[in-house]
Chemist: 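Below: one structure in structure tokens.
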Amino acid sequence: MSEHEIPLSRPDLSSVEEELVVRVLRSGRLSLGPMQEEFEQAVTKRAGRRHGVAVSNGTCGLHLALLALGVGPGDEVITTPFSFIASSNVILHVGATPVFVDICPRTLNLDPTRLDAAITPRTKAMLAVECFGNPAYMEQYEAFAARHEIPLIEDCCEALGCSLRQRPCGGFGRVGVFGFYPNKQATTGEGGVIVTDDDALADHCRALRNQGRAPGAASAGGASTGSWLSHPYLGYNYRLSELQAAVGAAQMRRFDEIVQRRQHVARLYVERLRGHPEIIVPTVDEETTQSWFLFVVRLSTRFGAEERDRIIRGMRTHDIGCAPYFPCIHLQPPYRRLGKGPGSFPIAESVSGRTIALPFFGRLSGREVDLVAQTLELMIQRESFSRRDG
Ligand SMILES: Cc1ncc(COP(=O)(O)O)c(C=O)c1O
């Protein structure tokens with residue numbers, strides 16, 4: 001990596017995060033402490049929910065949500081093939097089968113008109129992803145899930161701070177899960193939070209994240225009471241450390257400021273790239289607020305995956321971090337056994353072959369946005385010329 005590189009993403013950290021981490025170190029309490037409580041409460045409030053359960057990462061959160069809902073071997077879960085792979089991996093992890101449905105080419109979320117055809121007697125749940133934070137159709141998914149009496153799991157890992165008609169992401173369906181990986185709007189390094197209004201589900205998730213201990217079990221120091229060493233459930237260690245929670249608590253204190261910066265950079269990109277005949281910039285519906293996970297553009301349908309990949313390589317040789325978000329899940333090796341080869345979900349596959357995530361973080365300067373845009377235009381032009389000459 002050269003010193004001139006513009007990276008794909010960079011977390012927005014400050015002296016507030018440093019201060020809270022140092023406070024935890026000095027306190028000597030490194031797990032299940034007040035920072036976790038503050039972090040959980042802040043995320044719960046953002047989602048407009050009653051409960052928040054902090055876990056080691058978003059994948060663990062989705063895993064626990066499925067387990068707590070009783071999804072297991074023999075069950076089917078309706079989901080999207082166009083997402084980060086973890087949203088489907090968790091379905092395989094509990095022994096269930098993902099039933100993929102193609103996406104809408106404009107919003108990149110599951111196409112609501114295709115959902116009914118995916119229902120079978122084995123359908124146990126729907127796991128809907130807010131792709132790049134877009135909450136489009138969440139209300140339709142809620143209605144669909146209610147009609148078929150199945151729980152809706154909202155994978156809002158990319159959607160903290162986004163909303164639809166004033167309803168915050170994390171507030172749809174039976175349970176939602178946020179992710180806090182470093183490229184997310186807010187980060188804990190690694191982390192996740194499960195949010196729900198369901199008291200029993202929240203308690204079950206709290207128990208499962210903590211080795212199956214009853215929620216409220218005394219901490220290790222209170223082992224003599226016995227509760228720390230009694231395990232009514234078969235659980236996991238999916239806890240978040242206090243050090244990570246301290247970073248998360250600080251990020252949430254600064255969240256409005258972080259999001260404003262991301263929104264500013266997204267506006268710069270949209271203004272700069274809108275109107276280019278070969279570039280489709282992300283659409284944000286009027287009723288939607290975006291906090292911007294990534295900034296992903298799409299090439300026009302005149303381009304395919306090979307050309308897109310050459311453009312990305314060209315950008316990288318100019319020290320600009322870019323990535324093809326997302327390869328389709330059904331075409332990844334662990335999913336081949338489901339028998340959904342190329343052509344199974346044509347819209348997801350076509351979109352997936354043309355996306356380019358551009359460098360995106362709140363402290364990207366206007367000059368850097370301009371340099372990224374110029375280089376992208378140049379690479380597209382070079383690709384168009386080589387096609388004409390070839
Ligand atoms: C849509 C989606 N689901 C699940 C995850 C998994 O979260 P984590 O990486 O925190 O395990 C991520 C991202 O990282 C994601 O983008």
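Indexing begins at 1, ligand by ligand and atom by atom, following the structure's order. On a predicted model such as this, the values are computed, not experimentally measured, just so you know. Along the sequence shown, residues are numbered consecutively beginning with 1.
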Chemist: Provide the number and element of each atom of ligand 1 under 4.0 Å from a heavy atom of N57.
Modeler: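 So the atoms of ligand 1 that pass are 10 (O), 11 (O).
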Chemist: Heavy-atom distances under 4.0 Å decide this one: backbone, side chain, both or neither, for T59 against ligand 1?
Modeler: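 The part of T59 near ligand 1 is both the backbone and the side chain.
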Chemist: Taking D198 as the fixed residue, which of R50, R174, R49 is the one that meets the salt bridge (charged side-chain N to carboxylate O under 4.0 Å, His left out) rule?
Modeler: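 In the set R50, R174, R49, the residue that makes a salt bridge (charged side-chain N to carboxylate O under 4.0 Å, His left out) with D198 is R174.
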Chemist: How does K184 reach ligand 1, if at all, at less than 4.0 Å between non-hydrogen atoms: by side chain, backbone, both, or neither?
Modeler: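 The answer is the side chain of K184.
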Chemist: Got a salt bridge between E377 and R382, using NZ or NE/NH1/NH2 to carboxylate O under 4.0 Å?
Modeler: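 Result for this pair is no, no salt bridge flagged.
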Chemist: Do any N/O atoms on Y181 end up under 3.5 angstrom from N/O atoms on ligand 1?
Modeler: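 No: no nitrogen or oxygen of Y181 is under 3.5 Å from one in ligand 1.
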Chemist: Which residue owns the protein heavy atom closest to atom 3 (N) of ligand 1, what's the atom, and how far is it?
Modeler: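 Minimum-distance protein heavy atom for atom 3 (N) of ligand 1 reads D155 OD2, 2.7 Å.
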Chemist: Quick check: is L64 connected to F178 through a chain of hydrophobic side chains (ILVMFWY, heavy atoms under 4.5 Å apart)?
Modeler: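 No; L64 is not reachable from F178 via cluster members.
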Chemist: Would you say that more than 12 heavy atoms from the other residues, nucleotides or ligands in this model lie under 6.0 Å from the OH of Y181, or not?
Modeler: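 Atom OH in Y181 is not crowded, with 12 or fewer foreign heavy atoms closer than 6.0 Å.
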Chemist: Within ligand 1, which atoms have a heavy atom of V129 less than 4.0 Å away?
Modeler: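 This gives 1 (C) as the contact atoms.
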Chemist: Using a 3.5 Å distance criterion without hydrogens, assess whether the side chain of E142 forms a donor-acceptor pair with backbone atoms of G173.
Modeler: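 Yes: the side chain of E142 pairs with the backbone of G173.
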Chemist: Is the closest heavy atom of S83 to ligand 1 under 4.0 Å?
Modeler: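 Yes.
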Chemist: Minimum distance, heavy atoms only, to atom 8 (P) of ligand 1: which one of G133, A86, G58 is it?
Modeler: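 It is G58 that holds the nearest heavy atom.
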Chemist: Please find the pair of heavy atoms, one from N109 and one from A136, that lie closest to each other, and give the distance.
Modeler: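 In terms of heavy atoms, the two residues are closest at ND2-O, 3.1 Å.
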Chemist: Report, in ascending order of atom number, the atoms of ligand 1 lying under 4.0 Å from any heavy atom of E158.
Modeler: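 In order of number, 1 (C), 2 (C), 15 (C), 16 (O).
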Chemist: Applying ring pair (Phe, Tyr, Trp, His ring centres under 6.0 Å) between F132 and each of F326, F84, F295, report the one that passes.
Modeler: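 For F132, the ring pair (Phe, Tyr, Trp, His ring centres under 6.0 Å) check succeeds only for F326.
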Chemist: Just jot down the ligand 1 atoms closer than 4.0 angstrom to any heavy atom of C157, in number order.
Modeler: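 So the answer, numbered in order with elements, is 2 (C), 3 (N), 4 (C), 5 (C), 12 (C), 15 (C).
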Chemist: Please check whether E190 reaches ligand 1 - meaning an N/O of the residue sits under 3.5 Å from an N/O of the ligand, judged on distance alone.
Modeler: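 N/O-N/O distance under 3.5 Å: no.
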Chemist: Other residues, nucleotides and ligands only: do more than 12 of their heavy atoms fall within 6.0 Å of NE2 on H318?
Modeler: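 For H318, atom NE2 is not crowded (no more than 12 foreign heavy atoms under 6.0 Å).
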Chemist: Looking only at protein heavy atoms, identify the closest one to atom 12 (C) of ligand 1 and say how far it is in Å.
Modeler: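 Minimum-distance protein heavy atom for atom 12 (C) of ligand 1 reads F84 CD2, 3.5 Å.
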